[in-house]
Structures are given as structure tokens and as C-alpha cells.
Amino acid sequence: NESTTSREATITVTSEDGSLIRTVRVVQEGKEELILNVSPSSFSLTNDSQTLTLSVETNTRYRLSSSAFWLSSNMTGVGEWKNPTFTVSANESTTSREATITVTSEDGSLVRTVRVVQEGEAVYLEVSPSSISAASEGGRFAFTVNSNTQYTLTSSDTGWINIEENIIVVAANTSTSQRKGSVTVRAEELVRVIEITQDGKKEETPSAGGSTEDFTENEEDW
């Protein structure tokens, strides 16, 4: 009986002349109902490598499968494991990721799924130096950015501050006034600023003219 419901039938024995009839009642119980309970139904994981364990209550053999390469188990084929384990590799991306564990009874009639979400690595952004002091003549200044995600560079004034890969190019300051600007580095929600200060052009001291001899005759007057 492949059904989970019991069933009944009758065997009838009749004499040749039909005068005698005997019956036999036959009752067959149904197939034992399959059980496949899996817990928990989901996991929320940090970005580190780790091992997770399922709890399985069952009266049948089953198969395990995963939808992602970073979530794997060495329990292959069919089995009746009570606490199957999965290995989770570290998530080196800053983006979270998701996969599904599927538990299927051997006959395929029961399917259970477990959702696995692993958070990404925390974003970091390190910029050096944090400030630059430039002479009025300008110059080229190297800087470094250390981050685990893409970042953008923005100049506060491209008229005199420009960026060439990892070099900040400061143009000559033709004014006698000091000027200030910056380069902003952004990586997702993180912001770092390189402050730039440039001296003004030095004022030229005008020549007084004349010589010592010009004043010799009237030395007593001055």
C-alpha cells in the first residue's frame, strides 16, 4: 500500500453449487507517513568563514544540496543524518550574499529549504596624507588610498587642483593671497578629505635706486 490511508477488501469462497459462501475480510494499513522537519528555517551570518548545523527530524533518507559554491557540505548522496553541517567560506566582498540549502526526501515527495544570508565585509577607507602645504610655485604631491571597495576622487577647484592617478597637481599661485582647497575621497558612505593650502606669490620689493656716492656731499644733512 503506497498510500498513507488504510484499505480493506474481501475474499469470497463459494461452493460449486452456490449453497455455501464464506468470506475473509482483509484490512491493510496505509504506508507510514513520511516526516521531514528541518530547523532552523534561515541563518543570518557574519562575513567570517564558519560552520552551520541543521537539525533534521525524519523517518526517511534524504539528500542535501546548496545553491552556492561558498556554501558546501561533505554529506553527499542520500542519508539519514540528524545534524548535517555546511561549511561557509568568508565573504570578502562588501556586498551581502544569499543562498539556499535544499533538503529532499529520497522519494522526492518532501522538500524543505533553508535560507542563508551572509553579510559583506565592512567597508574601510584610509587616505594619506590628510593635508598638503604647497609653495606658491605649486608642485606634484603623491597620496595613497587604501580601501576594499571602489572609490571616487573629487577636486574642490579644478582651476588649480587636478588629480593624475595617485598624484595631486597644484598649479602656481599668481596671486599674493594664500588659497585653500581640497581633494575628497568617497567610498560608499565613507568620506575622507585631503586639505590643500598654498602660499600666495611673494610681492616684489621695488628698488630704491641711487648709490652711496649720491649722498656723500650732504652727509651732514642726513
Side-chain angles (χ1 to χ4, degrees), residues 1-14 21-128 144-153 185-192:
N1 189 357
E2 296 298 330
S3 169
T4 57
T5 304
S6 64
R7 58 188 178 182
E8 182 177 328
T10 301
I11 298 173
T12 302
V13 184
T14 307
I21 299 174
R22 302 290 184 266
T23 59
V24 180
R25 180 169 174 259
V26 180
V27 178
Q28 184 184 31
E29 63 183 24
K31 180 181 178 181
E32 182 182 13
E33 186 173 2
L34 295 183
I35 298 172
L36 184 60
N37 298 323
V38 180
S39 62
S41 60
S42 64
F43 287 91
S44 294
L45 309 175
T46 63
N47 69 296
D48 302 315
S49 60
Q50 55 203 286
T51 299
L52 57 85
T53 302
L54 297 176
S55 176
V56 179
E57 178 190 1
T58 186
N59 58 359
T60 183
R61 288 153 58 88
Y62 62 85
R63 294 180 177 83
L64 294 168
S65 64
S66 164
S67 65
F69 70 91
W70 49 269
L71 179 63
S72 61
S73 177
N74 59 2
M75 297 175 179
T76 58
V78 292
E80 202 168 339
W81 310 285
K82 298 302 180 185
N83 298 106
T85 59
F86 279 78
T87 299
V88 182
S89 61
N91 186 2
E92 297 178 354
S93 167
T94 58
T95 304
S96 64
R97 57 189 181 183
E98 182 174 330
T100 301
I101 294 172
T102 302
V103 184
T104 308
S105 61
E106 186 174 16
D107 66 358
S109 64
L110 299 178
V111 179
R112 304 289 183 261
T113 58
V114 178
R115 181 170 177 255
V116 180
V117 178
Q118 185 181 32
E119 66 184 23
E121 185 177 40
V123 177
Y124 62 83
L125 178 62
E126 301 168 354
V127 179
S128 179
T144 60
V145 178
N146 184 22
S147 181
N148 58 349
T149 190
Q150 292 186 332
Y151 56 86
T152 60
L153 300 167
V185 187
R186 298 179 185 273
E188 295 188 15
E189 301 301 319
L190 300 181
V191 178
R192 302 289 183 266

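- Looking at heavy atoms from C-beta onward, Asn1 lies out of side-chain contact with Glu29 at the 4.5 angstrom threshold.
- Rounding to the nearest 0.5 angstrom, the gap separating the OG atom in Ser105 from the CZ atom in Arg63 is 8.5 Å.
- With a 4.5 Å cut-off on side-chain heavy atoms, Val13 and Ile21 do not count as touching.
- With a 6.0 Å radius and a threshold of 12 heavy atoms from other residues, nucleotides or ligands, Arg97 has its CZ atom above the threshold.
- Using a 4.5 Å heavy-atom threshold, the side chains of Ile11 and Thr23 count as separate.
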Check the pair Val78, Tyr62 against side chain to side chain contact (heavy atoms under 4.5 Å, CB included), reporting the backbone distance first and the verdict last.
-> CA-CA 5 Å; Val78 292; Tyr62 62 85; over 6 Å; no
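- With values rounded to the nearest 0.5 angstrom, Asp107 atom CG is found 6.5 Å from Leu110 atom CG.
- Thr104 contributes no side-chain N or O that, together with a main-chain N or O of Val111, makes up a donor-acceptor pair within less than 3.5 Å.
- The distance from atom OG of Ser96 to atom CG of Leu45, rounded to the nearest 0.5 Å, is 11.5 Å.
- Between the side chain of Arg112 and the backbone N or O of Thr102 there is no donor-acceptor pair closer than 3.5 Å.
- Side-chain atoms of Asn59 come within 3.5 Å of backbone atoms of Glu33 as a donor-acceptor pair (strictly under, hydrogens ignored).
- Considering CG of Leu36 and OG1 of Thr58, their distance stands at 4.5 Å, rounded to 0.5 Å.
- Gln118 places a side-chain N or O within donor-acceptor distance of the main-chain N or O of Ser89, the cut-off being under 3.5 Å.
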Which pairs would a plain distance check flag for residues 119-127, meaning a side-chain donor or acceptor within less than 3.5 Å of a matching protein atom at least two apart in sequence or in another chain?
unit_1 : atom_1 : unit_2 : atom_2 : d
Glu121 : OE1    : Asn148 : ND2    : 3.3
Glu126 : OE1    : Asn146 : ND2    : 3.1

May I have the step-by-step check of side chain to side chain contact (heavy atoms under 4.5 Å, CB included) for Leu34 and Ser109, ending in yes or no?
-> CA-CA 9 Å; Leu34 295 183; Ser109 64; 3.6 Å; yes
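- By the side chain to side chain donor-acceptor pair (under 3.5 Å) test, Glu189 is found to be paired with no residue, residues two or more places apart in sequence or in another chain being considered.
- Leu52 places a side-chain heavy atom less than 4.5 Å from the side chain of Val116.
- Under the 3.5 Å distance criterion, the side-chain polar atoms of Gln28 are left unmatched by any main-chain donor or acceptor of Ala9.
- The existence of a salt bridge linking Arg25 and Glu8 is confirmed by a sub-4.0 Å separation between a basic side-chain nitrogen and an acidic carboxylate oxygen.
- Looking only at distances, no side-chain donor or acceptor of Thr53 sits under 3.5 Å from a matching main-chain atom of Thr85.
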May I have the step-by-step check of side chain to side chain contact (heavy atoms under 4.5 Å, CB included) for Val56 and Asn83, ending in yes or no?
-> CA-CA 6 Å; Val56 179; Asn83 298 106; over 6 Å; no
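- For the atom pair OG (Ser66) and CZ (Phe86), the distance works out to 6.0 Å, reported to the nearest 0.5 Å.
- Residues passing the side chain to side chain donor-acceptor pair (under 3.5 Å) test with Asn37, sequence neighbours excluded: Glu57.
- For Arg186 (side chain) and Tyr151 (main-chain N/O), no donor-acceptor pair under 3.5 Å exists by modelled atom type.
- With values rounded to the nearest 0.5 angstrom, Leu54 atom CG is found 5.0 Å from Phe43 atom CZ.
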